[in-house]
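For reference, the structure is listed below as structure tokens.
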Amino acid sequence: MSNSTNATANLAVPAVQKEIERRRTFAIISHPDAGKTTLTEKLLFHGGVIHETGEVKGKSGTKAVTSDWMELERQKGISITSSVMTFDYNDLRINLLDTPGHKDFSEDTYRVLMAVESACMLIDVAKGVEDRTKKLYDVCRYRNIPIFTFVNKLDREGKDPLTLIDEIEKTLNMQCYPVTWPLGIGQRFKGIYNRLNKKVYFYDQRREDDLAVEVYDFSGPQDPILEKYLDHESLQQVRDELELIESALPPFDVNDFLTGKLSPVTFGSAKQNFGVDTFLQFFTQFAPGPKARPTKKGTEVNPLSAFFSGFVFKIQANMDKRHRDRIAFVRICSGKFERGMKVNHARLEREFRLSYSSQFVAADKETVDEAYAGDIVGVADTGNFAIGDCLSTQGYVTFEDIPKFAPELFAKLSVRDALKRTKLNEALMHLSEEGAIQLFFDPIIGNQETIIGAVGELQFEVLVHRLQDEYNLEVKLTRLPFSVARWPRTEDGKPLSQLKGNFQMFRDVIDQPVLLLNQEWDLNWAQKENPDVVFASSISRA
Ligand code: GDP
């Protein structure tokens, strides 16, 4: 660390700054089956982490990727499908944070988006904007992070690109900027036009084994090269589309992109590894690096600062009895991490030594000795860390809270032995502080019947397992019919406990009024009855 007293005294030494500046941390947001695993595999391939691509079937019939990848997973002893993948591309160090889908979808998935500087929204060309994508997009919007869009599966029949772009813009209330444009679709998909470098890329989709791509300079929609590759029908359509987008669209506005107002769109086929490199090139050119992070005091921490700081955005409890340890995932916000370093834990007002840390799929390291702002490190935890905890080597830094997101699944628990009710309530409080579940109370009966809220099924499974395993509590979980939670507020953000209409109000753990409803329809009704009320779907953690 620099001890110099000049104007840059608080900044890290140049070599550290250089490392920080080359970090890019992002996540892929998508609906299950859009092709996230396939795209991830291709990105790792381009990043040189894996050397072959091609899917293999996993144990339970679920898809896994190449044996290289599984080997890495085995070596690291951590499931990469629930963590971070790191690779280098164009002199940048890229951290791709996984947003678990399907069954393992949980609040953690949302929180991952608090730790990235940008996201890639992956859309299936036939299905358009799907439910899960929309939810994850809303979380990105909450932080105004820039979003790249990758339209996938162009080798299959789907919506025509103009209709799709219109759908994205209308559904998400965001502008799109096509960076590339598909030349044909489905079986007639022959290539893409890169509007930024004015080149066309053609490939033969029948040759999955050897993707020879031919590249030409492109003079515009009437360029005769299109006639060589496209059949009559595609040719006319592509020319009309290109004429339209070239004349109607303003140039790419980087600022609108960086503030989350406009999404650059690229097209391709992850399965056939076509268009993925174009996306990566665009990504490396425009994805923002580590940003200054706001603190609760209203100040910001410069990522290039000499001191280390970071926050916990995810805690992974081990489901395996033999390994009771948990891993706290720390997003580094400033400076440099060194294994064994001592940090101040702001919530506990204590010093901790970060003695064990795991690196993920980075080239050839097993544990991390060093990491920089933008990186994620996994720290072994014996119960000292909670979601949102802030660590720093200089004083007690407290970053802005990680919000809670509206749960969609609800349940209540009963214990066989009624005497254990108090113990259960204590355990639930503890697990809710940790961010594993959310709790809601009926104001009349209080904690006699706590309502548990979760975003994904797996959270309930983990809860029941942990109550048994860690607290020796055997519980019965009964699902409740609610599916929507909203925090009613005035327009200037004050909590509201009275609403017009016959709505029963509940309380969350910090005694804020919250509405639990059976379906979206009820929410629309509540909104109609109370037009001035804001029904917030997220709330800052206490
Ligand atoms: P995930 O659930 O989002 O991780 O999706 P996967 O990567 O597992 O892909 C879901 C299915 O879509 C698999 O059968 C993939 O082979 C297939 N798939 C992914 N990308 C493409 C693509 O570009 N074209 C086609 N035809 N299929 C694809």
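Quick note: numbers below take in every heavy atom, side chains included, and nothing from hydrogens, waters or symmetry partners. Since this is a predicted model, take the numbers as computed values, not measurements. First listed ligand is number 1; within each ligand, the first listed atom is number 1.
In summary, the side chains of Gln237 and Glu241 do present a donor paired with an acceptor at a separation below 3.5 Å, with no hydrogens or angles considered. Side-chain atoms of Tyr229 and Tyr216 include a donor-acceptor pair closer than 3.5 Å.
Considering both main-chain and side-chain atoms, Gly268 never comes within under 3.5 Å of ligand 1 through any nitrogen or oxygen pair. Note: an N/O pair closer than 3.5 Å links Thr38 and ligand 1 by distance alone. Between Leu154 and ligand 1, no N or O atom pair is found at a separation short of 3.5 Å.
Less than 4.0 angstrom separates some heavy atom of Ser269 from each of these atoms of ligand 1: 22 (C), 23 (O), 24 (N).
The aromatic ring centroids of Phe482 and Phe440 lie 6.0 Å or more from each other. Ring centroids of Phe267 and Phe189 are separated by 6.0 Å or more, keeping the two rings apart.
In Thr37, the parts holding a heavy atom less than 4.0 Å from any atom of ligand 1 are both the side chain and the backbone. At a 4.0 Å heavy-atom cut-off, ligand 1 touches Lys36 through backbone and side chain alike.
If you check each of Leu122, Asp155, Asp124, Asn152 against atom 24 (N) of ligand 1, the one with the closest non-hydrogen atom is Asp155.
Checked for salt-bridge contact, Arg479 and Glu457 meet the test: a charged N lies under 4.0 Å from a carboxylate O.
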